[in-house]
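One structure is given below, encoded as structure tokens.
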Amino acid sequence: MFKLCQKILGLILCVCITACTSLRTVPVTPEGSGATASHKLNVGDEIVVASRSGGSQTMVINAIEANALLGRVDGVQQPVRIAFNDIAQVERREIDALKSAVLVLLIVVGGSAALLKKAAFFPPA
């Protein structure tokens, strides 16, 4: 029984790790001669940028210029500059408060139920 509870708890933790954050697509819209997504992005946001050439990079935004994003990319010392014209899609990593609250509630209820069930199997001496 204890092994089953461990497996269930492990499964719940795996779901928690992936379900509390999600990637939301930020539209890159044309403005004037270039394109911009700056009205939806903020300094410090963690984003995944898909380029028009087919590559993608995960970065944390350091600055937003009129026609480009500057940010930190893992393994690169200097900030990386990506022009809006080179961007096919931008996804921002966001924490989903509702999913997080539901998962915390499920963990608390599930953990409490497991402890109560265990206590029923082993009454105090």
Side-chain angles (χ1 to χ4, degrees):
M1 181 68 180
F2 186 69
K3 294 267 187 201
L4 178 63
C5 288
Q6 283 181 324
K7 289 179 183 180
I8 291 171
L9 183 60
L11 179 64
I12 290 172
L13 289 175
C14 288
V15 170
C16 286
I17 291 170
T18 59
C20 293
T21 61
S22 58
L23 290 173
R24 304 256 190 243
T25 301
V26 177
V28 180
T29 56
E31 279 187 11
S33 61
T36 181
S38 62
H39 62 284
K40 300 275 186 178
L41 298 173
N42 298 304
V43 172
D45 284 350
E46 183 178 342
I47 61 172
V48 177
V49 179
S51 68
R52 295 193 186 277
S53 62
S56 68
Q57 291 183 324
T58 301
M59 69 186 296
V60 176
I61 299 174
N62 286 350
I64 301 171
E65 297 179 344
N67 59 358
L69 294 173
L70 276 90
R72 296 185 317 272
V73 176
D74 286 339
V76 179
Q77 298 249 333
Q78 298 294 328
V80 174
R81 184 179 188 278
I82 303 174
F84 285 121
N85 289 335
D86 296 335
I87 297 174
Q89 180 176 328
V90 176
E91 295 178 314
R92 179 180 48 223
R93 186 173 309 277
E94 295 179 351
I95 296 175
D96 191 325
L98 179 61
K99 285 182 184 177
S100 300
V102 168
L103 286 171
V104 168
L105 181 65
L106 286 173
I107 290 171
V108 169
V109 169
S112 299
L115 289 174
L116 289 173
K117 193 160 192 150
K118 184 177 178 182
F121 282 124
F122 301 106

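Source: prediction; values computed, not measured. The figures that follow rest on heavy atoms only: side chains count, while hydrogens, waters and symmetry mates do not.
- Scanning both residues, Ala83 and Ala68, for their nearest heavy atoms gives CA-CB, 3.8 Å.
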side-chain contact (heavy atoms from CB on, under 4.5 Å) between Asn42 and Ile61, worked out: CA-CA 7 Å; Asn42 298 304; Ile61 299 174; over 6 Å; no

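- In terms of hydrophobic clustering, with Ile, Leu, Val, Met, Phe, Trp and Tyr side chains grouped at heavy-atom distances under 4.5 Å, Leu70 and Ile64 are assigned to different clusters.
- The two residues Asn85 and Arg52 make their nearest non-hydrogen contact at O-NE, 2.8 Å.
- Under a 4.0 Å N-O distance rule, the pair Arg92/Asp45 qualifies as a salt bridge.
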Would Leu41 and Leu69 satisfy side-chain contact (heavy atoms from CB on, under 4.5 Å), going step by step from the backbone distance to the final call? CA-CA 10 Å; Leu41 298 173; Leu69 294 173; 4.0 Å; yes

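- Using a 4.5 Å cut-off on side-chain heavy atoms (C-beta onward), Glu91 and Ile47 make no contact.
- Looking at residues two or more places apart in sequence or on another chain, you find a side chain to side chain contact (heavy atoms under 4.5 Å, CB included) between Thr58 and Glu46, Val48.
- Residue pairs meeting the salt bridge (Lys or Arg N to Asp or Glu O under 4.0 Å) criterion with at least one partner in residues 76-85, sequence neighbours excluded, are Glu65-Arg81.
- Within the model, atoms OG of Ser51 and CD1 of Ile87 stand 9.0 Å from one another, a figure rounded to the nearest 0.5 Å.
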List the atom pairs, with distances to 0.1 Å, where a side-chain N or O of residues 71-80 and a protein N or O form a donor-acceptor pair under 3.5 Å, not counting sequence neighbours.
from  : atom 1 : to    : atom 2 : distance (Å)
Arg72 : NH1    : Asn62 : OD1    : 3.0

